[in-house]
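Step one of this worksheet: look at the structure below.
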Amino acid sequence: AMGPVQGWKLSMAISVAMVVMALYCLTVYEILSRGWYHRAIPYLNVYFEVTLPFIPLLLFWWQRGSVNALTSPVYTGWGALVVFSAFRSDPRICLGAGALAAVENAVLYWIIRAPHITNVETITWPWAMQRSFYLLLAGVAGAGLARSVVKKAEDALNILAFSKRGMARDAAKVLESAIANAENNHNLDVDALVVAEASVGKSVTMKRFATRGRGKSTRILKPFSRLR
């Protein structure tokens with residue numbers, strides 16, 4: 001729909017980038033649905049999301065020039081993506097996202113800079129460094145927000161104790177076991193423990209059979225979950 005407005009080459013390039021993003025999301029979904037979880041997955045997801053604005057800005061430079069790319073409203077969305085990384089509840093991810101966006105912005109300016117254009121102040125290197133600083137600041141703000149979301153282990157136990165959800169009891173048992181392991185096996189201070197990460201993945205699937213008419217049977221699958 002945007003082809004006549006922004007050009008068919010640019011529209012096709014953006015469409016290809018969106019297809020690549022969709023394939024990545026489907027791949028991650030398939031991995032998680034099979035129960036193959038790794039601690040690096042949240043980091044990869046956030047850093048992939050933060051890198052997304054880098055691609056359309058390069059495409060804008062390719063089709064429209066340096067002024068259009070360096071003054072694009074995509075920069076507003078770039079900062080928002082860095083702040084949204086706080087939903088991962090890990091301050092380290094937010095700080096890494098802000099640092100990555102700041103470095104990518106500096107690299108982008110070095111690639112598409114136009115020293116011969118002097119009548120547009122916002123495409124000069126001081127403005128580019130300001131944008132990098134603001135992206136880094138967005139990571140710091142996201143880290144502060146994520147730190148307020150992370151709960152202490154004692155607070156998490158109190159929440160689970162008064163929760164009416166069915167899985168609260170099982171989650172409390174897992175949390176109590178983790179606290180006991182940290183205290184007895186690793187000599188950690190219980191009062192300083194926080195719940196930094198919790199995940200539910202796929203576990204074993206029990207196979208059962210139920211009788212049916214005419215001497216037939218039907219297979220019944222009973223999947224189980226693994227709480228970490």
Side-chain angles (χ1 to χ4, degrees), residues 1-2 6 10-11 13-33 35-61 68-109 111-112 122 127-153 155-156 159 165 171 194-201 227-228:
M2 294 296 294
Q6 63 185 9
L10 181 59
S11 299
I14 294 177
S15 299
V16 171
M18 294 179 65
V19 169
V20 172
M21 179 183 67
L23 290 175
Y24 172 80
C25 294
L26 289 175
T27 302
V28 173
Y29 174 78
E30 184 66 21
I31 291 174
L32 295 178
S33 64
W36 299 338
Y37 180 78
H38 193 273
R39 293 178 179 272
I41 290 180
Y43 289 85
L44 292 176
N45 284 342
V46 169
Y47 297 157
F48 179 79
E49 294 169 0
V50 170
T51 307
L52 287 178
F54 186 84
I55 300 174
L57 288 173
L58 280 178
L59 296 176
F60 289 152
W61 167 64
N68 184 278
L70 292 174
T71 58
S72 173
V74 175
Y75 281 101
T76 305
W78 206 347
L81 286 175
V82 175
V83 176
F84 286 161
S85 63
F87 289 114
R88 290 342 192 263
S89 301
D90 191 339
R92 295 171 297 180
I93 294 180
C94 301
L95 292 175
L100 178 62
V103 171
E104 288 179 347
N105 176 71
V107 173
L108 181 70
Y109 176 78
I111 294 174
I112 67 178
T122 54
W127 282 83
M129 294 304 102
Q130 284 187 37
R131 284 191 287 266
S132 293
F133 173 75
Y134 291 143
L135 290 172
L136 183 61
L137 194 62
V140 175
L145 180 60
R147 195 171 286 111
S148 65
V149 174
V150 175
K151 297 292 184 181
K152 287 189 175 182
D155 296 338
I159 293 173
R165 294 183 177 273
V194 297
V195 181
E197 183 181 11
S199 63
V200 179
L227 178 61
R228 296 179 180 180

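Residues take their numbers from the sequence shown, with the count starting at 1.
Of all non-hydrogen atoms in Ser72 and Leu57, the two that sit nearest each other are CB-CD2, 3.7 Å. Counting all heavy atoms, side chain and backbone alike, Pro91 lies closest to Ala143 at O-CB, 3.7 Å. In plain terms, the two heavy atoms of Tyr47 and Ile93 that are nearest each other are CE2-O, 3.9 Å. Looking at every heavy atom in both residues, Asn105 comes nearest to Ser132 through ND2-OG, 2.7 Å. Taking every heavy atom of both residues into account, Ala171 and Leu227 meet most closely at CA-CD2, 3.4 Å. The minimum heavy-atom distance between Ala101 and Val50, with the atom names listed, is CB-CG1, 3.7 Å.
Considering Leu108, Leu100, Val74 as possible partners of Phe54, the one that fulfils the side chain to side chain contact (heavy atoms under 4.5 Å, CB included) test is Leu108.
Considering only residues two or more places apart in sequence or on other chains, Glu49 meets the salt bridge (charged side-chain N to carboxylate O under 4.0 Å, His left out) condition with Arg88.
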| task | Begin with the C-alpha distance, continue with both residues' side-chain angles, and end with the deciding distance and a verdict on side chain to side chain contact (heavy atoms under 4.5 Å, CB included) for Phe48 and Val28. | result | CA-CA 12 Å; Phe48 179 79; Val28 173; over 6 Å; no
| side chain to side chain contact (heavy atoms under 4.5 Å, CB included) assessment of Arg131 paired with Trp78 | CA-CA 10 Å; Arg131 284 191 287 266; Trp78 206 347; over 6 Å; no
| task | Show your reasoning for whether side chain to side chain contact (heavy atoms under 4.5 Å, CB included) applies to Ile55 and Thr51. | result | CA-CA 7 Å; Ile55 300 174; Thr51 307; 5.5 Å; no
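Taken to the nearest 0.5 Å, the CZ atom of Arg92 stands 3.5 Å off from the OH atom of Tyr43. Ile111 contributes atom CD1, which lies 10.0 Å from atom CD of Glu104 (distance to the nearest 0.5 angstrom).
Contact annotation: the side chain of Leu44 approaches that of Tyr24 to within less than 4.5 Å [non-hydrogen atoms, C-beta and beyond].
With a 6.0 Å radius and a threshold of 12 heavy atoms from other residues, nucleotides or ligands, Met129 has its CE atom above the threshold.
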